[in-house]
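Written below as C-alpha cells is the structure these notes are about.
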Amino acid sequence: MKTTISEVAKHIGEDVTIGSWIANKRSSGKIAFLQLRDGTGFMQGIVVKAEIGEEKFQEAKALTQETSLYVTGTIVEDERSLFGYEMQIKDFEVIHEAVDYPITPKNHGTEFLMDHRHLWLRSKKQHAIMKVRNEIIRATYEFFNENGYVKIDPPILTGSSAEGTTELFHTQYFDEEAYLSQSGQLYMEAAAMAFGKVFSFGPTFRAEKSKTRRHLIEFWMIEPEMAFMDHEDSLNVQENYVSHIASSVLKNCSLELQTLERDTAMLEKISAPFPRITYDEAVDMLKEKGFDDIEWGEDFGAPHETAIAESFDKPVFITHYPKDIKAFYMKPDPDRSDVVLCADLIAPEGYGEIVGGSQRIDDLKLMEQRYDEHGLTGEAYEWYLQLRRYGSVPHSGFGLGLERTVAWIAGVEHVRETIPFPRLLNRLYP
RNA sequence: UCCACCGUAGCUCAGUGGUAGAGCAAUCGGCUGUUAACCGAUUUGUCGCAGGUUCGAAUCCUGCCGGUGGAGCCA
C-alpha cells in the first residue's frame, strides 16, 4: 500500500510503497543507504545486496541525487536514526533519473542558492523553515478564529498610501495611477466598524532600497483591528497571540526545530505577559548603556532596538513614542499630547521589531487636523474620514510581520530564507 | 542613495609581479551500518568585463558590471 514518510509510524513491520526522491546516498560493497524525502519528511532506506540481488543492488548504487522513484519495503524502528524509523527496501522503481543536480551536499554561497531557490526549497533546512512558517500561519488562523475575529481581505491595488513616508510600487490601473498595498490597515479599520474584530493576512509591498537581513520588498503581514478596544486591550491581544504562536510551534514542530538547531529554551520563555517600557524609559536605558547618539524625539535604529531587547529574555513592548515620528492616525495620549498610544514589539536575540500597533484617532476634528498637517487631500482619503463621521468608536490594531516572526521563532539569520520565493532589492528570479 | 568587503574549475576557496592550485561534486574502482560516510585513480579554467603600467598581470592602477553585509526607512 502507498503511504508517506509522515505516516510510517503507523506501519511498523508492514510492507509499504512511498513516492520519493533521493536526497543523498551512501554505499559500500554490500549495503547502500538511500536518504529519501517525499515532501512530508526525510527517512533512510537500506538496500542490502544479499536480499535484493546483484542487479538491483548495482542499480541502487547508481541512483543519482534527486532522482524520483517509488520505493517498496518494510518499515522498521531503528534508534540509530534521528527520525526513528527506516525502510528495509525490497524493490524500487525509478520514475525519472535526475542528471547533474546543481545543489550538492557540500557548502554553497547565498547567491548560488538563491539562483536555485526553486530547488533549494527541497533541502532539509529550508523544508523545516517552511514547515515552521506554515505552523505560524495555522496558529494565527486558530487564534483569531477562537477569539471571535472575522478574516477580511483588504485590496492589494490601492489609490492612496497608508503612510506617505515609504516608497510605493506604482502601477497603472487603466487610466489611473495605482499603488501596490503597503498596509491593509486603513481598510481594516473600515472592516472593524462593520464586523467588530477582524484580521487580515496578505502580501504587502515596499519599494524601499533596503538591504538588510530584516527587509524584503514583498512580505506578508497579519493585521488585526478591534473596535471598542483601547491601547492596553490591544497589547493584551498581541502578547497572547505571539505566545500562542510560540507554543504552537514548540508543540507541533519539534523535529523541525531540532533540524534547525533552535535553542527551544528561548522559545519556552515566550509567554504572556511581556515586559512594557515607555519610549522615555527606553531613551534613558540607552543612555545608561552608553549610546550618546540618541536624543528624545528621535526614532530608534536597529542597534538601539537590539540593545533594549538584550535587557529582556522575552519580547518587549516599547510604548508611547513621540507623536512626530509616528503615523498620522495614531491617537495622542490624553495625559500627554506629545506622545501617542502606540507600541512596537521588539523580539529578543536581535531580531528587531516584529509588531507595530496603536490606538487610532477616533475624533473627527482631530483627524481633520492631521489631514491638514499631512496634506492628505482629495477623494482618495475621504472614505477613511467618514469612519469618524458615522458612529466613530475607540479602536486599536496592529501589524505583525510574518517573515521576521518566522526568522525569530526558527532561529534563522536572514528573512530571505523564511519566504518561499523572496523578492529582494536585486532579485526577481526565480 | 551612502559606507565596507568580495568576484579564480559545476560548488566552496587558496594564490598579492615570474609554468593556474586544493577540497568537494562528476566518472571509474574498493569497502556490510553509513550519517556533509570513507579510501585510491581520472577529468575540470574567458582568474567578472574593458582599458592602462610592466620584459612579464589572477596579482598593481583606472573605469564599469555583479554580489554580500550594514546605514537610512520600516514589519
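From a predicted model like this one, the values you see are computed outputs, not experimental measurements. So you know, we letter chains A, B, ... as the sequences are listed, proteins then strands, and number each from 1.
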Hey, does [X] reach any base, or is it just sugar-phosphate, or nothing, if we go heavy atoms under 4.0 Å?
{"X": "A:A302", "answer": "sugar-phosphate"}
{"X": "A:D344", "answer": "nothing"}
{"X": "A:S27", "answer": "base"}
{"X": "A:R213", "answer": "sugar-phosphate"}
{"X": "A:R427", "answer": "nothing"}
{"X": "A:G352", "answer": "nothing"}
{"X": "A:Q88", "answer": "base"}

Worksheet entry | Verdict with supporting geometry, A:R138 and A:E142, salt bridge (charged side-chain N to carboxylate O under 4.0 Å, His left out) | CA-CA 6 Å; A:R138 192 203 63 74; A:E142 180 177 73; 3.1 Å; yes

Under 4.0 angstrom between [X] side-chain N/O and [N] OP1 or OP2:
{"X": "A:K209", "N": "B:rU1", "answer": "yes"}
{"X": "A:R214", "N": "B:rA71", "answer": "yes"}
{"X": "A:H414", "N": "B:rU68", "answer": "no"}

Counting Watson-Crick and G-U wobble pairs only, both distances under 3.5 Å, name the nucleotide matched with [N], or none.
{"N": "B:rG63", "value": "B:rC49"}
{"N": "B:rA9", "value": "none"}
{"N": "B:rU1", "value": "B:rA71"}
{"N": "B:rU16", "value": "none"}

Has the side chain of [X] got a donor or acceptor that lies under 3.5 Å from a partner of the other kind on the base of [N]?
{"X": "A:H215", "N": "B:rC74", "answer": "yes"}
{"X": "A:R404", "N": "B:rC74", "answer": "yes"}
{"X": "A:E86", "N": "B:rG33", "answer": "yes"}
{"X": "A:Q44", "N": "B:rU34", "answer": "yes"}
{"X": "A:K49", "N": "B:rU32", "answer": "no"}
{"X": "A:S210", "N": "B:rC74", "answer": "no"}

Practice prompt. Find out whether the Lys NZ or Arg CZ of A:K25 is both under 6.0 angstrom from the six-membered ring centre of A:F33 and within 45° of the ring's axis.
Written response: no

Item to complete: Rounded off to whole Å, could you give me the CD1-to-P distance for the A:I103 and B:rA36 pair?
Response: 18 Å

Discussion item. Using whole Å, what does the distance between atom P of nucleotide B:rC65 and atom CD of A:E111 come to?
Written reply: 16 Å

Fill in: Syn/anti state of B:rU53 by chi, 90° boundary around 0
anti

Discussion item. A:Y241 and ring-ring contact (aromatic ring centres under 6.0 Å, His included): which single residue from A:F144, A:F274, A:Y149 fits?
Written reply: A:F144

Worksheet, complete the sentence: Against the side chain of A:I31, the closest entry in B:rU32, B:rG72, B:rU34 is B:rU32

Discussion item. Can you tell me if A:F33 is stacked onto the base of B:rG33, using a 5.5 Å centroid cut-off and an angle below 30°?
Written reply: no

Item to complete: Give a yes or no on whether the backbone of A:K124 and the side-chain of A:R37 come within a donor-acceptor separation of less than 3.5 Å.
Response: no

Worksheet entry | Ring geometry between A:F328 and A:Y371 (parallel below 30°, tilted from 30 to 60°, perpendicular above 60°) | perpendicular

Worksheet item: Can we call the ring centroids of A:Y279 and A:F300 under 6.0 Å apart?
Response: yes

